[in-house]
Amino acid sequence: MTAVPTHCPYCALQCATTLLPADRPGAVEVRPRDFPTNRGGLCRKGWTAAEVLTVSDRLTTPLVRNADGELVPTSWDEALDFVADRIRSLQASDGPDSIAVFGGGGLTNEKAYALGKFARVALRSANVDYNGRFCMSSAAAATNRAFGIDRGLPFPLTDLGGADAILLVGSNIAETMPPAVAHLQRAQEAGGLLVVDPRRSATAGLTGALHLQATPGTDLALVLALTHVVLQEGLADTTYLAERVDDADALYRSTSAWWPERAERVTGVPALTIRRAARLLAAAAPVHGGAGAFILTGRGAEQHSKGTDTVTACINLALALGLPGRLGSGYGCITGQGNGQGGREHGQKADQLPGYRSIADPAARAHVAAVWGVDPADLPGPGKSAVELINSLGTSGGPRALLVHGSNLLVSAPNLASVRERLAALDLLVVADVVPSETALLADVVFPVTQWAEEDGTMTSLEGRVLRRQAAVAPPGEVRSDLHVFSGLASRLGCTAAFSTDPEEVFEELRLASAGGKADYSGITWSRLDNEELFWPVPAVDHPGTPRLFADRFGTPDGRAHVVPVDHRPVADDLSGAAPMYLVTGRLLQHYQSGAQTRRVPELAEAEPEVFAEIHPRVAAQLGISDGRPVELRTARGAMVLAARVTTDVRPDTVFVPFHYGGAGAVNELTNDVLDPVSRMPEFKACAVSLRAAALPVTGVSA
Ligand SMILES: Nc1nc2c(c(=O)[nH]1)N[C@H]1C(S)=C(S)[C@@H](COP(=O)(O)OP(=O)(O)OC[C@H]3O[C@@H](n4cnc5c(=O)[nH]c(N)nc54)[C@H](O)[C@@H]3O)O[C@H]1N2
Ligand SMILES: Nc1nc2c(c(=O)[nH]1)N[C@H]1C(S)=C(S)[C@@H](COP(=O)(O)OP(=O)(O)OC[C@H]3O[C@@H](n4cnc5c(=O)[nH]c(N)nc54)[C@H](O)[C@@H]3O)O[C@H]1N2
Ligand code: SF4
Ligand SMILES: [Mo]
């Protein structure tokens, strides 16, 4: 092996790395590589990513549950035969929709594309969705309805570096994408970094940041008030509004009642601070001769039952200031998972076909069906969204089998008691993973699959930039790609459509399927990616790609940005006498998502070995809890006991718990699975909770 250029397996920043040979079989060493986004930087997870390749409990052979209920090794042929037989008999008794598929935003474009095709063509099931529903869906829904196109950042990340003001709403980028902080430097120095978070997060604590420590779930009111100030103080870009926006009056109407003093009562952010923040943003906007301003949202704003409307309010503020489509300014959503962007473009979402096409659109169906060599009438329609899909498992008329590729639902889905119950009601649970995740350990059949350094493919980063992932080592044991699972099952089910196991062949097909769609990859080839920076859409092989969208027109039919009027509403499971505080959840620097990978890396596990609850000292004193002592958290869905971390960084009405831990440490036992009506995103970020000192030792979930 020589040095192999590739990218980090984890988040959407997709830091560039070089893999060097290591002394053990299957192992590599990671070195950072210079690249515009990470500028030679990596976070701790990136540095240690190679350890997951050789963890001692790596899945290396297929497993099938035997009569004694144990998972035992078997061959690929036997495992595939078994699953195909069960699928055939369930399809015969209950129809094609009885088999459901759940994908992941960490899968390569090729795997995500093949998964969507497998569900629609080999299974002919409408029931396919993925964990991006937990992640990006509210921002995707809001940008689609405002701009007609959803690309997380419709500009290169490096554009942030020229801005004097950046409003971060619910993003803790200093922990979730540390190397990206380099691009905030100018705004920090200009005093224009504005951070909205109920915690003094690492990002809110950055030098020069202005922290707006709003009550959880009140971003919508805050942003309406910021827009109110911009409009009332004559700071709006009226020329831009007249030329590029469909209904500027709707902006005025929807924000006129949100004067800062009213927003102060809802959000807890002083009216003076709201005015100051609005003026800082306006001063940086191009209409006032500023160097540029950005409004960016993260999961803190989006993972709510009103997440789509909160992002819409952020877009409306950006429109009032004349930012979207302007060089050096804009609105963007900070995509999360490694391929969170590409994973939502190529058909693993319940309502989508490749190229970001709608599965309900007859022209889109005809185009994709022709590429797949099937009759458009045979393609299923839109299926259920992730939480609705999970809630329907094993119910009358609901799916009876579930295939999971790239998600650890038993840690990361909301309201876990309900998830456990639905998974237990299945006739067949199949999980493809690289390690025995909490979800894999519950499966009837487990397929061991390749991970990043063992496979070729492409990923699409938070900027819509398509990147090459390159294999550096051979996979261990009997490990094969997810593509082998789709191909092996499709052929056993008698499906004659092509299911290649060669990722470059799959990509060539994806190019055709995406051609003419919004996310058009038809002009991208793997060899171009070796030499060029390509941002989609790339509609022809001689097209240079599109680093910046919306310069002349938006992706809507009339080319204008659409103002959708929105109003504030409270958290669905709001405070009451019995549950007087907000539980908010989120991330730590050291762990990734459900922790299936990072809890297996000793350096990371030792740094943050177990779940904890951040509690304000005043609350701790009232409850008689000191740092490190057990506290019980109880919501309408469950209770858990965990260690208190007493800190002034959280608001006194708020408890923060990271979601990276499984079993007794899983905070999703407590979270609410109520959905945003537009995006179908669950309300991970806020629900009412009660606290008390626990007599028990710290054991995690209690009755
Ligand atoms: N270290 C690490 N990095 C990651 C990941 C990881 O698991 N670990 N995952 C990746 C993925 S998939 C994603 S989606 C991104 C997520 O990246 P972020 O969005 O930055 O991550 P979170 O920690 O979920 O949420 C951000 C902040 O929202 C705050 N918050 C909670 N409730 C509210 C609220 O009501 N309003 C506001 N304004 N803020 C609130 C939390 O206190 C938290 O500091 O990170 C990516 N990068
Ligand atoms: N309370 C709370 N819950 C949350 C969130 C929150 O902020 N708070 N955030 C939500 C968000 S934004 C997200 S993105 C989700 C993420 O949560 P999950 O969907 O659970 O994501 P991961 O932990 O990344 O799970 C990916 C799994 O796929 C495996 N894997 C890795 N590569 C491959 C591959 O190529 N093929 C296959 N088949 N498997 C692979 C990994 O080992 C791991 O077990 O969690 C959501 N849950
Ligand atoms: S910031 Fe994200 S992509 Fe970069 S090294 Fe860390 S986890 Fe990997
Ligand atoms: Mo995410």
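Only heavy atoms go into these numbers, but all of them, side chains included; no hydrogens, no water, no symmetry mates.
- No option in T273, L220, T218, V223 other than T218 meets the side-chain contact (heavy atoms from CB on, under 4.5 Å) test with T267.
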Exercise. Dump the intermediate steps for side chain to side chain contact (heavy atoms under 4.5 Å, CB included) on T255 and L251, then the final yes or no.
Key: CA-CA 6 Å; T255 57; L251 275 179; 5.5 Å; no
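- A salt bridge is absent between K349 and D129: the closest approach of a Lys/Arg side-chain nitrogen to an acidic carboxylate oxygen does not fall below 4.0 angstrom.
- Seen from the ring of F656, R199 counts as a face-on cation partner, given the 6.0 Å and 45° thresholds.
- Taking the six-membered ring where the residue is Trp, the centroids of H346 and Y521 are separated by under 6.0 Å.
- Between L194 and L280 the shortest side-chain heavy-atom distance falls below 4.5 Å.
- Remark: aromatic rings of F147 and F550 are close, center separation under 6.0 Å.
- When side chains are defined from C-beta on, F554 counts as touching R244, because their heavy atoms get closer than 4.5 Å.
- No salt bridge links K306 with D219; every basic N to acidic carboxylate O contact stays at or beyond 4.0 Å.
- Between the side chains of D309 and T312, no donor-acceptor pair is found at a separation under 3.5 Å.
- Counting heavy atoms from C-beta outward, V266 and L222 have side chains that stay 4.5 Å or more apart.
- Under 3.5 Å, the side chains of T215 and R651 contain a donor-acceptor pair of N or O atoms.
- R548 and E463 are not joined by a salt bridge, as no carboxylate oxygen comes within less than 4.0 angstrom of a charged side-chain nitrogen.
- For Y331 and F294, the ring centers are positioned 6.0 Å apart or more.
- No donor-acceptor contact under 3.5 angstrom links the side chains of N391 and E388, judged on distance only.
- A salt bridge is defined here as a Lys NZ or Arg NE, NH1 or NH2 lying under 4.0 Å from an Asp or Glu carboxylate O, and D558 with R553 fails to meet this definition.
- Between K518 and D150, no side-chain nitrogen of the basic residue sits less than 4.0 Å from a carboxylate oxygen of the acidic one, so the salt-bridge criterion is not met.
- At a threshold of 4.5 Å between non-hydrogen side-chain atoms, the residues V689 and Y582 do not count as touching.
- Distance CD/Q14 to OG1/T37: 9.0 Å, rounded to 0.5 Å.
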